[in-house]
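What you are looking at is a predicted structure, and each value in this text was computed from that prediction instead of being measured.
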Amino acid sequence: MFRHLTTFALAGIFTLAATSAAAAPTERSAERFAEEHFESIVLDHIEGDDPSHYHLTESRAISFGSLHEVMIAAQSCYSSDEMCTFVSSKEYVSAVLQDGEPRNVIGTYEQEPGLFAFSTFGYGDELAISLADVSGTLVHSARENAWFDYDGKTLTALTIDAKRFIDGDTITLEMYQKRLVETQSNTEAQPGDTLTGGSADVQTTEPISYWMLGLALLAVLPLAYLFYRRRWRK
């Protein structure tokens with residue numbers, strides 16, 4: 001029953017997102033979306049909400065830093081028998097500058113092949129400040145909310161959560177992979193919720209696919225943004 005409810009909920013979210021896709025702003029490249037829509041999205045937040053929620057003031061002097069492709073650990077990174085590599089998350093992010101100061105982070109993602117839409121606004125000022133120092137590949141470990149600058153051999157922590165995860169400022173790729181494997185093993189070893197009957201049979205609750213839920217939520221963001229704009233433009 002739980003599995004069917006989850007599947008139904010995901011289907012509803014995907015349907016809702018697909019219905020709104022035509023109405024939400026999209027472009028054929030991440031760079032084009034950033035050029036055409038980032039400023040208006042940020043100004044909408046400034047004018048339609050309390051800008052302090054986004055580490056902003058009411059100033060309209062908005063600009064943006066470089067656009068960075070966000071990379072994530074491939075499945076191979078979670079196996080000690082394979083070589084760890086990074087793959088694209090299909091999201092691109094940029095620091096939001098207000099009066100020349102980094103305040104927050106905004107992003108666009110590849111909604112479908114060759115079509116980019118709004119992904120997020122709100123990774124925070126800590127990452128916005130750190131993006132200026134990224135000289136290699138921007139790597140994100142979502143489970144730990146950890147951001148790194150990867151130079152091909154070493155990952156340098158960009159945020160406090162990243163430093164906490166690797167217990168330091170830098171870590172080699174090999175040690176980073178070891179940390180990922182250990183973290184996954186510890187997570188899998190934790191006992192799940194169970195429903196115990198009168199006999200020795202134990203039914204384990206089927207886990208939700210967090211990846212699918214995350215993808216579904218990301219897909220519905222354009223609709224949320226569209227409702228947001230309509231609300232404050234009335």
Side-chain angles (χ1 to χ4, degrees), residues 2-3 6-7 9-10 13 68-95 104-110 119-196 202-221:
F2 180 75
R3 180 182 62 187
T6 301
T7 303
L10 286 172
I13 292 175
H68 297 273
E69 182 177 14
V70 179
M71 306 294 284
I72 57 176
Q75 189 59 40
S76 61
C77 294
Y78 295 89
S79 171
S80 56
D81 298 326
E82 300 182 52
M83 180 178 296
C84 181
T85 59
F86 297 105
V87 295
S88 177
S89 69
K90 299 186 179 182
E91 183 178 27
Y92 295 74
V93 298
S94 176
N104 216 314
V105 176
I106 190 170
T108 178
Y109 80 110
E110 193 172 18
S119 65
T120 189
F121 176 44
Y123 280 127
D125 56 347
E126 181 188 19
L127 179 60
I129 295 170
S130 299
L131 284 180
D133 298 325
V134 174
S135 58
T137 300
L138 182 63
V139 173
H140 185 209
S141 181
R143 179 182 296 178
E144 293 76 26
N145 191 32
W147 296 85
F148 301 93
D149 181 10
Y150 176 55
D151 65 5
K153 295 181 179 180
T154 303
L155 293 97
T156 300
L158 296 174
T159 59
I160 293 176
D161 286 333
K163 293 180 180 180
R164 184 181 297 115
F165 178 53
I166 64 174
D167 194 24
D169 294 324
T170 62
I171 191 171
T172 63
L173 179 61
E174 292 75 18
M175 290 304 297
Y176 177 73
Q177 180 178 14
K178 183 178 179 181
R179 187 64 56 89
L180 290 178
V181 172
E182 291 175 348
T183 301
Q184 178 171 268
S185 297
N186 292 337
T187 301
E188 292 176 347
Q190 294 177 358
D193 295 332
T194 59
L195 300 175
T196 307
V202 176
Q203 179 181 356
T204 302
T205 303
E206 183 177 358
I208 301 173
S209 172
Y210 292 102
W211 179 84
M212 289 182 65
L213 284 176
L215 185 60
L217 290 174
L218 190 62
V220 81
L221 278 173

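- Interatomic distance, CD of Gln75 versus OG1 of Thr85, reported as 10.5 Å (0.5 Å rounding).
- Put simply, the side chain of Ser89 gets close to the backbone of Val70: a donor and an acceptor are under 3.5 Å apart.
- Proximity of a side-chain donor or acceptor of Ser76 to a complementary backbone N or O of Met83 within less than 3.5 Å is detected.
- You'll find the side chain of Phe165 stays beyond 4.5 Å of the side chain of Asn145, heavy atoms only.
- In this structure a side-chain-to-backbone donor-acceptor pair under 3.5 Å is missing from Asp125 to Asn104.
- Within the 4.5 Å cutoff, the side chain of Lys178 has heavy atoms near those of the Met175 side chain.
- Annotation: salt bridge (charged side-chain N to carboxylate O under 4.0 Å, His left out) contacts of Asp161 (sequence neighbours excluded): Arg164.
- Put simply, the side chain of Ile72 reaches to within 4.5 Å of the side chain of Val87, judged on heavy atoms.
- Distance check: Tyr78 OH to Thr183 OG1 gives 8.5 Å after rounding to the nearest 0.5 Å.
- Nearest heavy-atom pair, Ala162 versus Ala146, reported as atom, atom and distance to 0.1 Å: CA-CB, 3.5 Å.
- Summarising the geometry of Ala128 relative to Ala95, their closest heavy-atom pair is O-CB, 3.7 Å, with the distance given to 0.1 Å.
- The two residues Ser88 and Glu69 come nearest to each other via the heavy atoms OG-OE2, 2.7 Å.
- With values rounded to the nearest 0.5 angstrom, Asp151 atom CG is found 10.0 Å from Leu173 atom CG.
- Shortest non-hydrogen contact noted between Ala73 and Leu180 is CB-CD1, 3.9 Å.
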Evaluate side chain to side chain contact (heavy atoms under 4.5 Å, CB included) for Leu155 paired with Ile166, printing each intermediate quantity in order. CA-CA 10 Å; Leu155 293 97; Ile166 64 174; over 6 Å; no
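- Between Tyr123 and Glu91, the shortest heavy-atom distance links the atoms OH-OE1, 3.1 Å.
- Taken from NE2 in His68 to CH2 in Trp147, the straight-line distance is 10.5 Å, to the nearest 0.5 Å.
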Acceptor/donor pairs from residues 132-144 side chains to any protein atom, 3.5 angstrom cut, sequence neighbours excluded:
| unit_1 | atom_1 | unit_2 | atom_2 | d |
| --- | --- | --- | --- | --- |
| Ser141 | OG | Glu144 | OE1 | 2.3 |

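- Minimum interatomic distance between Leu158 and Ser130 (heavy atoms only, all atoms of both residues): O-OG, 2.7 Å.
- Aromatic pair Tyr176/Phe148: centroids less than 6.0 angstrom apart.
- In this structure, Lys163 NZ and Ile171 CD1 are separated by 14.0 Å, a value rounded to the nearest 0.5 Å.
- Annotation: the span from Ser79 atom OG to Gln184 atom CD amounts to 9.0 Å, rounded to 0.5 Å.
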